[in-house]
Undergrad: 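Dumping the structure here so I can ask a few things about it.
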Amino acid sequence: MKRQSGSFMTIIFACAALLATAFAAVIATLPAAQAQGQPIRLVALGDSLSAGYNLPQEAAFPTVLERALKAKGYKVEVANAGVSGDTSSGGLDRLDWSVPDGTDGVILELGANDMLRGLDPVGTRKNLETIVERLKSRNIPVLLAGMVASRNLGPAYVQKFDSIYPDIAKTHDLVLYPFFLDGVAGDRSLNLPDGLHPTAKGVEIIVERILPSVESFLARLAQR
């Protein structure tokens, strides 16, 4: 009986050791914040589209996204770093204080105002790529939320502008959501009277459509 008992205890200890090793491996794949039981901290760096122009705070994109992610079991905080009227240049200028140390990931939504003002896409591309590079230098991954140009700007402008986001995403291996206003742009019932900014319902649709991309982004963060 003693020999059997000793063998049994040996097996128990071996199983416990294996479980501990497996648990440690799982913890190692999580961001530091999650491993310590803290929420993943995301920043939505953008313009009025993500800031929640003329909407209550609880209806703005970062808040609605955070709520949707929590409903799916994610422990996450999404900070609102959207500034109405901001261009890609403005986002670059305020990057350091808009994205504080300790941020786990950034959802980058800029460029719509560049397009509306007819700014040279070359400059927009350079600004967005510089933002991505500076965040990467701080070890902060980026989810790139794309924009498309209004077709009345002409085919040459459209081609130059629309290629910005997929090109940057490919170059820097980013998660790309091709068009932030997908399902909302052009629908009067989902936009404010100005025809440019989403209503609360429009924001809900944006969140619903971008959610799989955000989940893919979170999966990447868990592998770091």
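Side chains are part of it too, since the values below use all heavy atoms of this structure and drop only hydrogens, waters and symmetry mates. Count residues from 1 along the sequence.
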Undergrad: Is Asp173 paired with Arg220 through a side-chain N to carboxylate O contact shorter than 4.0 Å?
TA: yes

Undergrad: Is the closest side-chain heavy-atom distance between Ile40 and Glu77 below 4.5 Å?
TA: no

Undergrad: Could Arg67 and Glu58 be called an ion pair, given the rule that one side-chain N must be under 4.0 Å from one carboxylate O?
TA: no

Undergrad: Might you work through the ring pair (Phe, Tyr, Trp, His ring centres under 6.0 Å) test for Tyr165 and Tyr177, ending with a clear yes or no?
TA: CA-CA 9 Å; Tyr165 299 90; Tyr177 183 63; over 10 Å; no

Undergrad: Using atom types as modelled and distance alone, determine if a side-chain donor or acceptor of Tyr157 lies under 3.5 Å from a backbone N or O of Leu119.
TA: yes

Undergrad: Report the hydrophobic cluster partners of Val122, with the cluster defined as I, L, V, M, F, W, Y residues connected by side-chain heavy atoms closer than 4.5 angstrom, directly or transitively.
TA: none

Undergrad: Would you compute the distance between atom CG of Leu211 and atom CG of Leu69 and round it to the nearest 0.5 angstrom?
TA: 5.5 Å

Undergrad: Going by side chain to side chain donor-acceptor pair (under 3.5 Å), name the residues that satisfy it together with Asn54, two or more places apart in sequence or in a different chain.
TA: none

Undergrad: Looking at Arg41 and Val78, would you say the former's side chain and the latter's main chain have a donor-acceptor pair under 3.5 Å?
TA: no

Undergrad: CD1/Ile140 to CG/Asp101 distance, rounded to the nearest 0.5 angstrom?
TA: 7.0 Å

Undergrad: Indicate the atoms forming the closest heavy-atom contact of Pro100 with Thr103, along with that distance.
TA: O-OG1, 2.7 Å

Undergrad: Same cluster or not: are Val184 and Tyr53 linked, directly or through other Ile, Leu, Val, Met, Phe, Trp or Tyr residues, by side-chain heavy atoms under 4.5 angstrom apart?
TA: no

Undergrad: Using the side chain to side chain contact (heavy atoms under 4.5 Å, CB included) definition, which of the options Leu45, Thr87, Leu110, Asn127 pairs with Leu92?
TA: Asn127

Undergrad: Quick one: pull up CE in Met147 and CG in Leu128 and give me the separation to the nearest 0.5 Å.
TA: 11.0 Å

Undergrad: Donor-acceptor pair, Asp96 side chain versus Val99 backbone, under 3.5 Å?
TA: no

Undergrad: Just verifying a value: how many Å separate Arg209 CZ and Phe179 CZ, rounded to the nearest 0.5 Å?
TA: 10.5 Å

Undergrad: Going from OG on Ser216 to CD1 on Ile210, what distance comes out if it is rounded to the nearest 0.5 angstrom?
TA: 11.0 Å

Undergrad: My understanding is that only one of Leu190, Val203, Ile205, Leu55 makes a side chain to side chain contact (heavy atoms under 4.5 Å, CB included) with Pro198; could you say which?
TA: Val203

Undergrad: Checking Asn80 side chain against Ala51 main chain: does a donor-acceptor pair fall under 3.5 Å?
TA: yes

Undergrad: Of all residues at least two apart in sequence or in a different chain, which pass the salt bridge (Lys or Arg N to Asp or Glu O under 4.0 Å) check with Glu129?
TA: none

Undergrad: Within the distance-only criterion (no hydrogens, no angle test), does the side chain of Ser137 pair as donor or acceptor with the backbone N or O of Arg134 below 3.5 angstrom?
TA: yes

Undergrad: Please confirm whether the backbone N or O of Lys160 pairs with a side-chain atom of Ser163, one donor and one acceptor, at under 3.5 Å?
TA: yes

Undergrad: Ion pair present between Arg151 and Asp162, side-chain N to carboxylate O less than 4.0 angstrom?
TA: yes

Undergrad: Please determine if Arg224 and Asp104 form a salt bridge, counting it only when a charged side-chain N lies under 4.0 Å from a carboxylate O.
TA: no

Undergrad: Between the main-chain N or O of Leu192 and the side-chain N or O of Thr199, is there a donor-acceptor pair closer than 3.5 Å?
TA: no

Undergrad: If you take all heavy atoms of Phe161 and Ala149, which pair is closest and at what distance?
TA: CD2-N, 3.6 Å

Undergrad: Using the side chain to side chain contact (heavy atoms under 4.5 Å, CB included) rule, take Leu108 and Leu174 through it: C-alpha gap first, then chi angles, then the decisive distance, then the call.
TA: CA-CA 11 Å; Leu108 178 57; Leu174 307 181; over 6 Å; no

Undergrad: Under 3.5 Å, side chain of Thr63 to main-chain N/O of Gln57, donor-acceptor pair present?
TA: yes

Undergrad: Checking salt bridge (charged side-chain N to carboxylate O under 4.0 Å, His left out) against Arg125, which of Asp120, Asp114, Asp167 comes through?
TA: Asp167

Undergrad: Under a 3.5 Å cutoff, is there a donor and acceptor pairing between the side chains of Glu66 and Tyr74?
TA: no

Undergrad: To the nearest 0.5 Å, how far apart are CZ in Phe180 and OG in Ser50?
TA: 5.5 Å

Undergrad: Give the minimum heavy-atom separation between Ala200 and Ala59, together with the two atoms involved.
TA: CB-CB, 4.0 Å

Undergrad: Asn191 and Asp187: which non-hydrogen atoms are nearest, and at how many Å?
TA: ND2-O, 2.8 Å

Undergrad: Do Leu116 and Val158 sit in the same hydrophobic cluster, where Ile, Leu, Val, Met, Phe, Trp and Tyr count as joined when their side-chain heavy atoms come under 4.5 Å apart?
TA: no

Undergrad: Looking at Arg94 and Asp86, is any side-chain nitrogen of the basic one under 4.0 Å from a carboxylate oxygen of the acidic one?
TA: yes

